[in-house]
Participant: 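Got a structure for you, questions after.
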Amino acid sequence: MPELPEVESARAVIERAALGRTIADVDDTDTWECRPHAPGEIRDALLGRTLLAAHRRGKSMWLTTSGRDGERDEHEEGPHLGLHLGMSGRILVTAAADGGDESVGGDYAGRHADRRKEEWFRFTLRFEDGGSLRLLDPRRLGRVRLDPDLSGVGPDAGEIGREEFRTRIGRGTAPLKARLLDQSAIAGVGNLLADETLWQAGLSPQHRVDDLDEEQLDELRRVLRRCIRAAIRQGGVHTGEVIPHRRADGHCPRCGAAMVRGEVGGRTTWWCPVDQT
DNA sequence: ACACGTGTTATGCG
DNA sequence: TCGCATAACACGTG
């Protein structure tokens with residue numbers, strides 16, 4: 001999926017193309033994507049409201065909505081609409097009734113990148129102007145929720161401060177990569193971003209977190225920030241330097257050693273056995 | 001047919 | 001209860 005950089009691109013698309021538009025209809029009939037909401041529940045909560053802002057923490061997004069005209073809550077805010085792209089989700093926003101002008105966010109270079117089937121659209125906001133915001137999600141691991149609970153989501157991986165990073169990452173006995181992937185520790189790092197960051201930092205994914213000293217943790221945080229910024233700017237985590245070399249015949253682009261494949265933190269992991277210690 | 005996967009979460013174990 | 005590991009989830013692709 002979409003890791004932090006792809007979700008940020010989706011958020012930016014919504015911010016640029018969907019804010020200020022009023023919701024005239026909602027398709028929330030996919031009971032898996034919208035669970036535990038009953039069909040119509042999200043629809044009833046959103047009809048007549050306007051999208052006010054698009055926020056993100058890690059891979060979680062939420063859109064704030066306005067009160068409804070003429071109702072008691074007119075000057076208050078409506079519910080938040082939580083969106084999670086899962087492993088294959090993308091956001092599509094169309095500008096007008098004819099659907100001629102379309103923006104895509106959460107784009108990624110996976111196998112589903114350019115494919116699109118009507119039945120993969122799992123959720124739709126239809127606006128008064130005839131345009132729409134849709135969630136395209138072939139694998140159906142994404143989520144749409146009203147007022148999502150983000151209490152278990154850690155601070156954003158691109159925003160976290162030095163002190164908090166030290167304590168959230170450096171404590172315990174977990175392998176370093178497993179900790180980076182733990183969304184309750186820090187939010188936004190996925191499998192590819194973790195491999196790229198650890199390669200850039202010269203650290204083994206199997207390194208026990210409490211073996212790292214403060215200097216190493218600080219450096220790791222700097223590298224992670226740099227990888228996130230670069231991925232956002234260049235269009236996704238797949239633009240990382242070591243990502244193309246995560247393959248059976250891959251070699252470290254720095255030293256030329258054969259890349260090693262293993263499983264760390266429950267995910268397929270590739271690293272350079274020479275450079276990463 | 002079979003294995004794999006850029007994510008999350010319920011369950012199990014020490 | 002905590003920290004960590006694993007299975008399960010849904011479904012397209014090679």
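Every chain is numbered from 1 and lettered A, B, ... according to where its sequence line falls, protein lines coming before strand lines. The model shown is predicted, which means the values in this text are computed figures rather than measured ones. Computed from heavy atoms alone, side chains included, the values below leave out hydrogens, waters and symmetry copies.
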Participant: Between A:Glu263 and A:Arg267, is there a side-chain N and carboxylate O pair less than 4.0 Å apart?
Facilitator: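 Looking at A:Glu263 and A:Arg267, the cut-off is not met.
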Participant: Is the closest basic N to carboxylate O distance between A:Arg43 and A:Asp27 below 4.0 Å?
Facilitator: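 No, A:Arg43 and A:Asp27 are not salt-bridged.
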Participant: Could you tell me how far apart A:Leu181 (CG) and B:dG7 (P) are, to the nearest whole angstrom?
Facilitator: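 Computing the A:Leu181:CG to B:dG7:P distance gives 7 Å.
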Participant: Enumerate the residues from residues 147-180 of chain A whose closest heavy atom to DNA chain B is under 4.0 Å, giving them by residue number; use none for an empty result.
Facilitator: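 Residues of residues 147-180 of chain A under 4.0 Å from DNA chain B: none.
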Participant: Name the stems with DNA chain B in them: runs of three or more consecutive Watson-Crick or G-U pairs, distances under 3.5 Å?
Facilitator: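 Counting only runs of 3 or more consecutive pairs, the stems involving DNA chain B are B:2-5 with C:11-14, B:7-14 with C:2-9.
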Participant: With distance as the sole test, does A:Asp137 use its side chain to make a donor-acceptor pair with the main-chain N or O of A:Arg122 at under 3.5 Å?
Facilitator: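 Side chain of A:Asp137 to backbone of A:Arg122, a donor-acceptor pair under 3.5 Å: no, none is there.
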Participant: Please check if the side chain of A:Arg57 supplies one atom and the backbone of A:Val153 the other of a donor-acceptor pair under 3.5 Å.
Facilitator: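 Answer holds: yes.
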Participant: Given C:dG12, C:dA10, B:dG7, which nucleotide is nearest the side-chain atoms of A:Trp120?
Facilitator: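 Out of C:dG12, C:dA10, B:dG7, the nucleotide with an atom closest to A:Trp120's side chain is C:dG12.
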Participant: Measure from the side-chain N and O atoms of A:Arg68 to the backbone N and O of A:Arg49, and report whether any donor-acceptor pair falls under 3.5 Å.
Facilitator: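 No; zero donor-acceptor contacts below 3.5 Å.
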Participant: Are any non-hydrogen side-chain atoms of A:Leu51 and A:Phe127 less than 4.5 angstrom apart?
Facilitator: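 With C-beta onward as the side chain, the pair touches.
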Participant: Rounded to whole Å, please give me the gap between CD in A:Gln183 and P in C:dC4.
Facilitator: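 Those two atoms, CD and P, are 16 Å apart.
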Participant: Could you state the CZ-P distance from A:Arg143 to B:dA10, rounded to the nearest angstrom?
Facilitator: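 It works out to 10 Å between those atoms.
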Participant: Between B:dG7, C:dA10, B:dT9, which one does the side chain of A:Arg139 approach most closely?
Facilitator: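 Per side-chain heavy atoms of A:Arg139, the pick is C:dA10.
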Participant: In terms of side-chain heavy atoms of A:Asn191, which of B:dG7, C:dC9, C:dC11 is nearest?
Facilitator: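 Closest nucleotide among those given: B:dG7.
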Participant: Heavy atoms within less than 4.0 Å of DNA chain C: which residues of residues 217-231 of chain A have one? Give them sorted by number.
Facilitator: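 Those residues whose heavy atoms fall under 4.0 Å from DNA chain C, taken from residues 217-231 of chain A, amount to none.
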Participant: Does B:dT8 have OP1 or OP2 sitting under 4.0 Å from an N or O in the side chain of A:His84?
Facilitator: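 Checking B:dT8 against A:His84, a side-chain N or O does come within under 4.0 Å of OP1 or OP2.
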Participant: Tell me: CG of A:Leu135 to P of C:dC11, nearest whole Å?
Facilitator: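 Atom-to-atom, A:Leu135 to C:dC11, this comes out as 13 Å.
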Participant: Of all the nucleotides listed (B:dT8, C:dG12, B:dG7), which has the minimum atom distance to the side chain of A:Pro138?
Facilitator: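 For A:Pro138, the side-chain atoms sit closest to C:dG12.
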Participant: Near DNA chain B, which residues from residues 259-271 of chain A have a heavy atom under 4.0 Å away?
Facilitator: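 Heavy-atom contacts with DNA chain B come from A:Arg261, A:Arg267, A:Thr268.
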Participant: Find every protein N or O atom lying less than 3.5 Å from an N or O atom of nucleotides 11-14 of chain B, and list the pairs.
Facilitator:
none

Participant: So, the side chain of A:His84 versus the backbone of A:Met61: is there a donor-acceptor pair under 3.5 Å, distance only?
Facilitator: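 No, A:His84 side chain to A:Met61 backbone: no donor-acceptor pair under 3.5 Å.
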Participant: Looking at A:Arg171, I'd like to know if its CZ atom is crowded, meaning that more than 12 non-hydrogen atoms belonging to other residues, nucleotides or ligands lie closer than 6.0 Å.
Facilitator: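 No, the 6.0 Å shell around CZ holds no more than 12 heavy atoms from other groups.
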Participant: Would you list the pairs meeting side-chain hydrogen bond (donor to acceptor under 3.5 Å, both in side chains) in which at least one residue belongs to residues 220-236 of chain A, sequence neighbours left out?
Facilitator: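 Passing the test, one end in residues 220-236 of chain A: A:Glu219-A:Arg222.
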Participant: Measure NE2/A:His238 against C1'/B:dG5 and give the value in whole Å, please.
Facilitator: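 The answer, rounded to whole Å, is 17 Å.
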Participant: Would you indicate whether A:Glu163, at its atom CD, is surrounded by more than 12 heavy atoms from other residues, nucleotides or ligands within a distance under 6.0 Å?
Facilitator: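 For A:Glu163, atom CD is crowded (more than 12 foreign heavy atoms under 6.0 Å).
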Participant: Check whether the side chains of A:Thr22 and A:Thr50 place a donor and an acceptor atom closer than 3.5 Å, and report yes or no.
Facilitator: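 A:Thr22 vs A:Thr50: donor-acceptor pair found between side chains.
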Participant: Quick test of your reading of the model: are A:Asp195 and A:Arg246 salt-bridged, counting only N-O distances below 4.0 Å?
Facilitator: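 A:Arg246 and A:Asp195: salt-bridged.
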Participant: Does the distance from a Lys or Arg side-chain N to an Asp or Glu carboxylate O, for A:Arg140 and A:Asp30, drop under 4.0 Å?
Facilitator: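 Counted as a salt bridge, because a side-chain N and a carboxylate O are separated by less than 4.0 Å.
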Participant: Take the protein atom CG of A:Leu4 and the nucleotide atom P of B:dG7, then report the distance between them rounded to whole Å.
Facilitator: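 From A:Leu4 CG to B:dG7 P: 11 Å.
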Participant: State whether the side chain of A:Trp270 and the backbone N or O of A:Arg247 hold a donor-acceptor pair below 3.5 Å, judged by distance alone.
Facilitator: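 Checking the backbone N and O of A:Arg247 against the side chain of A:Trp270, no donor-acceptor pair under 3.5 Å is found.
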Participant: In whole angstrom, give the distance that lies between atom NZ of A:Lys117 and atom C1' of C:dC11.
Facilitator: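 It works out to 10 Å between those atoms.
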Participant: Given atom CE of A:Met87 and atom P of C:dA8, what is their separation to the nearest angstrom?
Facilitator: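 One finds 17 Å between P of C:dA8 and CE of A:Met87, rounded.
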Participant: Just checking, any donor-acceptor pair under 3.5 angstrom between side chains of A:Thr94 and A:Ser132?
Facilitator: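 A pair is found: one side chain offers a donor N or O, the other an acceptor, under 3.5 Å apart.
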Participant: Please determine whether a side-chain nitrogen of the Lys or Arg among A:Arg143 and A:Glu33 lies less than 4.0 Å from a carboxylate oxygen of the Asp or Glu.
Facilitator: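 Judged by the 4.0 Å cut-off on N to carboxylate O distance, A:Arg143 and A:Glu33 do not form a salt bridge.
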Participant: Is the shortest distance from a Lys or Arg side-chain nitrogen in A:Arg254 or A:Asp275 to a carboxylate oxygen in the other one below 4.0 Å?
Facilitator: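 Between A:Asp275 and A:Arg254 there is a salt bridge, with a charged N closer than 4.0 Å to a carboxylate O.
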